[in-house]
Amino acid sequence: MDLPQPASTTTTANDNFRHLVLDVAFFGLATPALSRFLSVYAIRLDADAMLLGWLTALPFIFQMFTSSLAGTWRKRYGDSVGAIYWPGMLYRLAFLLPALTPFFPREWQPFWLVISVAVPALPQGIASVLFLVILREGTETKQLSPLMSRRSFFYNITVAVGTVGMGILLEEGPFPLSYQIMYVIAFVLVMVSLLHVNQVRILSPEPVVTTVTSPWRLLRSPEFQRIAFVAVTSHIAFFTVNALIPLRLVEDLGADEGFMSIFGLFELLAAALIATQSPRIARKIGTRAAIGVGMLGASLAALVLALSTNLYMTLPASALSGASWTLSAINIFNYFCETSPKENLTRYSTLYNQIVALALFVAPLAGSKLVNLGMDLTAVLLIGAAMRLVAGLIIPLGDLKTQTSRMRPRRAAR
């Protein structure tokens, strides 16, 4: 398998590329503790669909509010790498706090799980913005697409390894001790990830501007409106039902932690494979068209998950979902980089982070609310499939309009 090669011209750029890949690799090993097994843990503690929605959504609304503090926090430090250390470390407590769950009374335990990921989301809002800035400041423009492809590849591979390892631990170990051990291990791994982030050296600092563009002016700019439309549409369409998939697998189809590991493995291996091809796909059909293709694939995956009558029928859907969202997610970030100006980068990144966080807050709550009102899980998944289908059809329209406008002068010249 040929992986994209970094287009680096300096030793510093090469080192940054390596640290940013190692950062996401260690983070990926820890990620399943939250992304795969936190919801299963909550289900084991009798959490309902609404609580699962809050478990997914609440951290994003906290993150959205604190994102606005990133610019002020950044000014206290010499560069964005120094500024990210404390917010990055405090955010990583989300991987440790769930280990304390058994120390609470049984009826409080599901709510503690929500608190344990919601409170660390406050510093995460600052850390997320600063990390977007570091990606731009620590790499050359021509490196961004290969870097995101390489990060996505290793992230999905290490998440797959972590999912299998943690699944075996949870399957074989006693409940809830096995969960406590898993979260302690995950915390150690994400701290190693943070060490690699702090090894990045800035190549091209954000230009100092004497006139700061107001958020409202940026929101009205056509460039930001385009990326906001793409990011919000795709995230709402995908995540409205994504948090309900574990509930569908566990309660409707009888999945256990072992099967959840297999399900995740199919998803992640497919995601890793498509990550290596994402730059090539985007070059051939365009960035927005690649996002649209990914959403169409995610729509088909949700349809299969809704109509599956046994667990093994869900595995191809898992692979399709992983590949499809990875293709979309890589190109959403690439589209952000293509449209965001170098000046006012922190403020631009803040607004981008806030609109994505708002979408990620609204989407899972909307899906959970439908279930809480008595709608069948299958019906909600079908609604999610329809939303993804619509998103996949309308997102590429921007590229088509751009191509049409570029062709008109040529035809006139003829």
Side-chain angles (χ1 to χ4, degrees), residues 23-60 62-63 87-124 127 155 158-195 243 245-247 249-251 254-265 267-268 364:
D23 145 58
V24 82
F26 279 100
F27 199 91
L29 288 171
T31 292
L34 296 185
S35 66
R36 300 287 170 183
F37 297 113
L38 187 67
S39 58
V40 179
Y41 194 8
I43 292 169
R44 297 289 183 233
L45 297 174
D46 301 322
D48 59 14
M50 200 64 207
L51 192 137
L52 289 177
W54 281 109
L55 190 68
T56 302
L58 194 58
F60 291 109
F62 281 18
Q63 178 183 337
M89 189 186 73
L90 292 174
Y91 153 58
R92 282 162 170 77
L93 289 176
F95 290 86
L96 181 62
L97 294 179
L100 304 178
T101 303
F103 297 113
F104 290 86
R106 174 76 182 192
E107 62 272 17
W108 294 1
Q109 290 179 5
F111 299 100
W112 170 251
L113 288 180
V114 176
I115 293 171
S116 66
V117 293
V119 173
L122 292 170
Q124 183 186 5
Y155 175 77
T158 55
V159 171
V161 172
T163 299
V164 173
M166 291 177 182
I168 293 172
L169 171 64
L170 298 177
E171 188 77 13
E172 301 297 328
F175 180 87
L177 179 61
S178 56
Y179 276 91
Q180 290 179 286
I181 295 172
M182 176 185 70
Y183 284 114
V184 171
I185 294 172
F187 179 69
V188 173
L189 291 169
V190 293
M191 290 305 295
V192 176
S193 162
L194 182 60
L195 290 176
I245 292 173
L247 196 64
L249 296 175
V250 173
E251 293 200 346
D256 56 15
E257 284 85 351
F259 182 83
M260 293 300 290
S261 298
I262 297 172
F263 184 89
L265 186 63
E267 181 178 357
L268 294 162

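Just so it is clear, the model here is predicted, and its values are computed rather than measured.
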Is there side-chain contact between [X] and [Y], with heavy atoms separated by less than 4.5 Å?
X	Y	result
Tyr155	Thr31	yes
Trp54	Phe111	no
Val192	Leu189	no

Residue pair [X] / [Y]: nearest heavy atoms and the distance that separates them:
X	Y	value
Leu93	Pro120	C-CG, 4.1 Å
Arg44	Asp256	NH2-CA, 3.7 Å
Thr101	Gln109	O-CG, 3.4 Å
Pro123	Leu90	CG-CB, 3.6 Å
Met166	Ala186	CE-CB, 4.3 Å
Trp112	Pro98	NE1-CA, 4.3 Å

Between [atom1] on residue [X] and [atom2] on residue [Y], distance to nearest 0.5 Å:
X	Y	atom1	atom2	value
Leu38	Ile43	CG	CD1	10.0 Å
Leu268	Thr158	CG	OG1	8.5 Å
Arg36	Met182	CZ	CE	12.5 Å
Ser39	Met260	OG	CE	6.0 Å
Leu55	Ile115	CG	CD1	11.5 Å
Tyr91	Leu194	OH	CG	11.0 Å

Check: What pairs with Val161 under side-chain contact (heavy atoms from CB on, under 4.5 Å), at least two apart in sequence or on another chain?
Finding: Leu29
Next item on the list: Could you give me the CA-CA distance, side-chain angles and deciding distance for Met191 and Arg92, then say whether side chain to side chain contact (heavy atoms under 4.5 Å, CB included) is met?
Entry: CA-CA 7 Å; Met191 290 305 295; Arg92 282 162 170 77; 4.1 Å; yes
Item checked: Inter- and intrachain pairs under salt bridge (charged side-chain N to carboxylate O under 4.0 Å, His left out), touching residues 96-112, at least two apart -> Asp46-Arg106
Margin query: Applying side-chain hydrogen bond (donor to acceptor under 3.5 Å, both in side chains) as the test, list every pair that has at least one member in residues 167-183; sequence neighbours left out.
Written below: Tyr179-Glu257
Checklist line | Intermediate values then yes/no, side chain to side chain contact (heavy atoms under 4.5 Å, CB included), Tyr41 and Leu170 | finding: CA-CA 10 Å; Tyr41 194 8; Leu170 298 177; over 6 Å; no
Check: Do the side chain of Ser116 and the main chain of Leu97 share a donor and acceptor less than 3.5 angstrom apart?
Finding: no
Margin query: Going by ring pair (Phe, Tyr, Trp, His ring centres under 6.0 Å), Phe95 matches just one of Phe26, Phe37, Phe27. Which one?
Written below: Phe27
